[in-house]
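Below is one structure, written out as structure tokens, with a few remarks after it.
All of these numbers come straight from a predicted model, not from anything done at the bench.
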Amino acid sequence: MYIGYKIKEKNLFNKGLDFFFKILFCSPSLHYICTQMVKFNYDVIVIGAGHAGCEAAAAAANMGAKTCLVTMDMNKIAQMSCNPAIGGIAKGQIVREIDALGGFMGIVTDRTAIQFRMLNISKGPAMWSPRAQCDRGKYIWTWREVLDQIPNLYIWQDQAKEILVENGEIIGIKTYLDVEIHAKSVVLTAGTFLNGLLHFGKTQLAGGRVAEPASLCLTESITAHGVVSGRMKTGTPVRIDKRSVHFEDMEVQHGESTFHKFSYLGETRKLKQLPCWTCNTNEKVHEILRDNLSESPLFNGQIKSIGPRYCPSIETKIVTFADKNQHPLFLEPEGENTNEMYLNGFSSSLPIQVQIDALKQIPAFRDMEIYRPGYAIEYDFFDPTQLHHTLESKIIKNLFFAGQVNGTTGYEEAAGQGLITGANAALKCVGNKEFILGRDEAYIGVLIDDLVTKGVDEPYRMFTSRAEYRILLRQDDADRRLTEKAYHLGLAKTERYDYLKQKEEEIDKIIKFCQDFSIKANLINPALESIGTTPLTRGCKLFDLIGRPQVTIANISEHIPAFKTMLNAIPNRKEEIIEAAEIDIKYKGYIERERQIADKMQRLENIRIKGVFDYNNLQSLSTEARQKLTKIDPITLAQASRIPGVSPSDINVLLVLMGR
């Protein structure tokens, strides 16, 4: 039984009051009545309606928790603050995992995509990463439509300024409208808004995004209870008017029209598919940038916080890679019917005129007109080592953190955290059950384990190289890894679960056919020669033949009528199912070997050490290990082994002390 039924039994408000609350924020004249006569009560409050907040609110509400999503602007829900694109290397895998778990980022992306590509397709399937350019405006309104249709989910247009805590446990929030909203769990997903400060050269403006106010006071309200905060920096590039660009001086980059998409459920792409464009900077551009580095907040001391290593500003690029005489730029559409374009690769906080002068040295932009310049933003975050793997605070009970407030960067990383916090916030309303993903189960599990175990000293970005089991964490099998788990939790619905079972049944049919079907050399060799692979010297099973690099299910089935007939009988999602079966066949040995390695490591995951040791008194450990173990207080020995500064010899000491 879903926990939602238990939660609903505890709700005291009738439907009439629910409706009243939902529309109340639209009527400022009713503010006095609201604050004096009505007390807001929910199961879960989500602060912020960015990518993390939307997934958190949807997850909590879909699990049955009465949820309040607090946002300062209902017209900018799930706003893409920077690039209007979803996915990319490792990020695409996270979106597929969110979808497999019952989240909505993949569905919304498919509905609003204006270009789709599968990155790294020339490499092994563990590296394949979907990426889509989206229509920024349609993305916002599609998310709004999704949220409006979720039962138990209510939106309040306001801004949180204070958390309410009693006896070390959060009980709600207070807003700028002096409204108190009470709940059993609170999820903070404030993005870059906490004391946000925008930098346009020497010009500084308070804000969470351009033209949007910063969130003041909330950080201080949280740190007053002992939570440690810090400052980070990110940036965004100039937006260019398409009508002023000389596209004849750029190279076109088209998308793909394959069956691939983000959601296992979502429909195929409906919007007009548009190209992106590429060009390069040059020495004239670099010369102008170098001559004005003293005006850059990044280099003159105006910005003191750390920016993302893997998405550097253009001024950082020319300093760090001084030997490079050009850097690639990607001009990407912001929407299906807009002239606004995003210049990927030219993030900058230099003065506006410097940005314009430099870009006009590029032939394609010689007559450039812009909508707004690039800028940098500094904002508050909280040390994620202060969190449990559920992303609940170790210091303030029932307070959860997700997204950039945990020191991450990227919509996808934020959304993955949001879904996990939403689920766990709902679970906390009815007991102490937890939803945690392991490093061998999901990139989301790798992300969260890295955050709470290792912490961050720069904005964290996910890469496939961060996952030690990436053959197990492919984008094609996220549903087979996660959907059943999410279904039993109440996150994934019956339709999604039934789709999974149908898919698994069809994959098993293909694999069994290939294992049982015998190939005769004299009959298949002409086909093999036409494919470009070595002829057989004796017969074999079809399964072994498909294991060859040159052989695919598609090209070999043309020469095996019984196989082709069986494939044509697949009722739906034929291409997706065939691809999944082929990957299972071709990489069977690699998958099994990595599964064995993961299972061995799982033995350490099963050795719980939380509360067992007083690390400060274990003199046999190194000083650094004692300090790190005391700070992180790992749950398992495996988590302890991943803490920077804890050596294998320190782990052996703990094993000996536990009699292992």
Side-chain angles (χ1 to χ4, degrees), residues 49 51 54-55 58 62 74-80 83-88 91-119 121 128-150 242 252-277 330-342 344 411-412 415 475-476 478-479 483 492-493 495-496 498-500 502-503 570-579:
H51 302 276
C54 287
E55 292 290 358
N62 276 326
M74 293 174 61
N75 297 318
K76 292 185 177 178
I77 284 174
Q79 166 75 295
M80 293 174 164
N83 190 357
I86 296 295
K91 293 169 174 284
Q93 283 89 326
I94 290 177
V95 180
R96 295 281 273 177
E97 291 172 355
I98 292 168
D99 185 75
L101 289 166
F104 293 94
M105 178 175 263
I107 291 173
V108 174
T109 299
D110 287 338
R111 290 180 184 173
T112 60
I114 53 178
Q115 187 191 95
F116 182 92
R117 296 176 65 205
M118 183 66 78
L119 306 181
I121 199 70
W128 296 358
S129 302
R131 181 186 187 275
Q133 200 75 19
C134 295
D135 185 302
R136 185 190 299 275
K138 290 184 174 66
Y139 188 90
I140 292 171
W141 287 102
T142 302
W143 250 116
R144 173 71 182 275
E145 180 183 344
V146 166
L147 296 177
D148 280 343
Q149 293 175 354
I150 297 177
K242 177 181 180 179
V252 67
Q253 187 180 63
H254 292 290
E256 301 170 2
S257 57
T258 64
F259 70 90
H260 292 111
K261 51 191 177 68
F262 276 100
S263 177
Y264 293 96
L265 292 183
E267 63 270 18
T268 56
R269 293 176 287 280
K270 301 295 185 183
L271 301 185
K272 180 181 178 182
Q273 300 299 288
L274 302 176
C276 295
W277 306 82
F330 302 87
L331 191 62
E332 301 167 337
E334 291 261 342
E336 187 181 24
N337 302 306
T338 179
N339 289 319
E340 186 177 356
M341 302 197 80
Y342 176 96
N344 196 339
Y411 312 140
E412 304 82 4
Q475 61 85 31
D476 66 274
D479 56 343
T483 294
K493 302 307 177 187
E495 179 191 13
R496 189 179 292 277
D498 290 344
Y499 256 56
L500 169 66
Q502 294 170 11
K503 176 180 177 179
I570 296 174
N572 52 51
R573 299 191 297 170
K574 175 181 173 181
E575 296 92 344
E576 176 188 326
I577 289 168
I578 290 174
E579 181 182 83

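- Between Glu340 atom CD and Lys242 atom NZ the span is 12.5 Å, to the nearest 0.5 Å.
- Screening Lys91, Lys261, Met118 for a side-chain contact (heavy atoms from CB on, under 4.5 Å) involving Pro130 leaves a single residue, Met118.
- Note: Cys134 SG to Tyr411 OH = 9.5 Å, rounded to the nearest 0.5 Å.
- Summarising the geometry of Ile577 relative to Lys503, their closest heavy-atom pair is CG1-CG, 4.0 Å, with the distance given to 0.1 Å.
- Using a distance-only test at 3.5 Å, with no hydrogens or angles considered, a donor-acceptor pair links the side chain of Glu55 to the main chain of Met105.
- When each of Thr109, Val108, Asp135 is checked for a side-chain contact (heavy atoms from CB on, under 4.5 Å) with Thr142, only Val108 meets the rule.
- Formation of a donor-acceptor pair under 3.5 Å by the Gln273 side chain with backbone atoms of Leu271 is found in this model.
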Stepwise side chain to side chain contact (heavy atoms under 4.5 Å, CB included) check, Ile578 with Phe259: CA-CA 12 Å; Ile578 290 174; Phe259 70 90; over 6 Å; no
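- Between Arg496 and the choices Asp99, Thr483, Asp479, the side-chain hydrogen bond (donor to acceptor under 3.5 Å, both in side chains) rule is met once, by Asp99.
- A donor-acceptor pair is defined here as one N or O able to donate and one able to accept, closer than 3.5 Å; such a pair exists between the side chain of His51 and the backbone of Gln79.
- A side-chain hydrogen bond (donor to acceptor under 3.5 Å, both in side chains) with Ser129 is found for exactly one of Gln93, Gln475, Arg96, Arg117, namely Gln93.
- You'll find the side chain of Glu412 stays beyond 4.5 Å of the side chain of Ile98, heavy atoms only.
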Gln115/Cys276 under side chain to side chain contact (heavy atoms under 4.5 Å, CB included): CA gap, chis, key distance, verdict: CA-CA 8 Å; Gln115 187 191 95; Cys276 295; 3.6 Å; yes
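- Using modelled atom types, one side-chain atom of Arg144 and one backbone atom of Met74 make a donor-acceptor pair closer than 3.5 Å.
- Considering only heavy atoms from C-beta on, Tyr264 comes within 4.5 Å of Glu576 through its side chain.
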